[in-house]
Amino acid sequence: MNGNNDNLKTDLNAADIEKIDREFVWHPFTQMSDWEKERNLIIERGEGVYLYDIHGNRYIDGVSSLWVNVHGHNNPELNSALKEQIDKIAHSTLLGLANVPSAILAEKLIEIAPGNLKKVFYSDSGSTSVEIAIKVAFQYFRQKGPKYKDKKKIIAATSAYHGDTIGSVSVGGIGLFHSIYKPLLFDTVRITYPYCYRCPYGLKYPDCALHCAKEAEKIIKVHAEESCALIIEPMIQGASGMITMPVGYLKKIERACKDNGVLLILDEVATGFGRTGKMFAAFHEDVSPDAMCVAKGITGGYLPMAATLFTQEIYDGFLGKYEDNKTFFHGHTYTGNQLASACAVKSVELFKKNGILNKMKPVIKRFNELLKRFYDLKHVGEVRNIGLMAGIELVKDKETKEPFAEHERIGHKVILKAREKGVIIRPLGNVIVLMPPLVIDENTLETLCSVVNESIEEVTQ
Ligand SMILES: *Cc1c(COP(=O)(O)O)cnc(C)c1O
């Protein structure tokens, strides 16, 4: 102790907070020279689907605080679960010790996951859950026998986003975020993620008969001998701009992986926990992955936590005498943290108790209707969604699909306009993302959509 009590100050006003944020915090995915110039919002509290800033202004949380919030903010039941746990213990290690809530959570996750997944490996972010899937897939084949010695590569999709650590960036494919790191990344094999609005093959669904899937099947087959796994965001690619897959594509990828001895890793970090209207996106096409990454919504949006789920077969491939060196030597310090686990247990229980997936059905139906209205706007090229994950792609010219230039920052302008009207959203380039908490009601959803509709109109007219 240095006898200085300054860090306990509770009497800071809004201007003070803004000042110290500006001086000391480097914000993620943020050009800080803009941040230093702009007036920035400081959130003080949340309630249900609303966020409140330090001045008491209320905003609809239109992107679930970056795709994580499920049951609303300041949820009494999640709060109690946390309070109950914190009076017992906040954290003990999962390295060589078990703990109560992480064991209970693992059973619950396996209960709700695709049927063949049997084992849960914890970590603390979506990125780490992907690293784990990649390392396990690689090591699995190293240990399977000399016949598989060439299986070293990962097959990934174009424009994929799997996180920001070096391994997850290696399988990522978003030029703006990833290209500078190329010298640091490992080599991957690429399949083309379908993007029907701007089909890379110049075809039209359904006449195309899923040509993209056939091309992917060929690549999987050709590279099977040197590839241990394929990783993909199921049903919808998030960060690339909410790009939805045509029906049938994922099932074909699964088939091709199984036929060619390539493990299928589904990255459900964004899509998991009800976001697409089903508990996991894999259920839309009845797909059984060999590994599944989950994070964002796992704690209902309260605490950082992630998990990678595996089949019994993969798990068994790591069993042996200690000196055989088949141990998975990997583990993040806060793995299986009790507070996060207790919160996640409660969140999964609330899905059942509150019938979340059923309650979402009419809301999603209404959302689909509201989204159609965006097509009336002059600069809306395509509106894509699955469940409560939606992207509105703005274009300069509807006929030619010419995009707005990057420097116009049209998405950024729209979200600032929406903010003036009491809605917080965050764009992905020229795509406006809407992803409200799963508990949003139809009226609030309507307000969210009409504010965003007006904001797009005012900014692009
Ligand atoms: C957000 C996201 C990640 C990364 O998760 P972090 O918790 O930010 O590391 C990985 N994959 C997908 C599909 C995501 O949307």
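Hydrogens, waters and symmetry mates play no part in the numbers below; they use all other heavy atoms, side chains included. All ligand and atom numbering here is 1-based and tracks the order in the structure. The model shown is predicted, which means the values in this text are computed figures rather than measured ones.
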When rounded to the nearest 0.5 Å, the distance separating CZ of F367 from CE of M360 is 10.0 Å
At a 4.0 angstrom heavy-atom cut-off, ligand 1 is contacted by W67, S125, G126, S127, Y161, H162, G163, E233, D267, V269, A270, K296
Q) Do we get K151 above F141's six-membered ring, with its NZ or CZ under 6.0 Å from the centre and within 45° of the axis? A) yes
Here the side-chain hydrogen bond (donor to acceptor under 3.5 Å, both in side chains) pairs for residues 91-103, sequence neighbours left out, are H91-N337, S92-Q338, N99-S102
Treating K118 as the side-chain partner and T311 as the backbone partner, does any N or O pair qualify as donor plus acceptor under 3.5 Å? no
- prompt: Within 45° of the ring axis of Y315 and under 6.0 Å from its six-membered ring centre, is that where the NZ or CZ of K119 lies?
  reply: yes
key: Side-chain touch V247/E285, heavy atoms, less than 4.5 angstrom   = yes
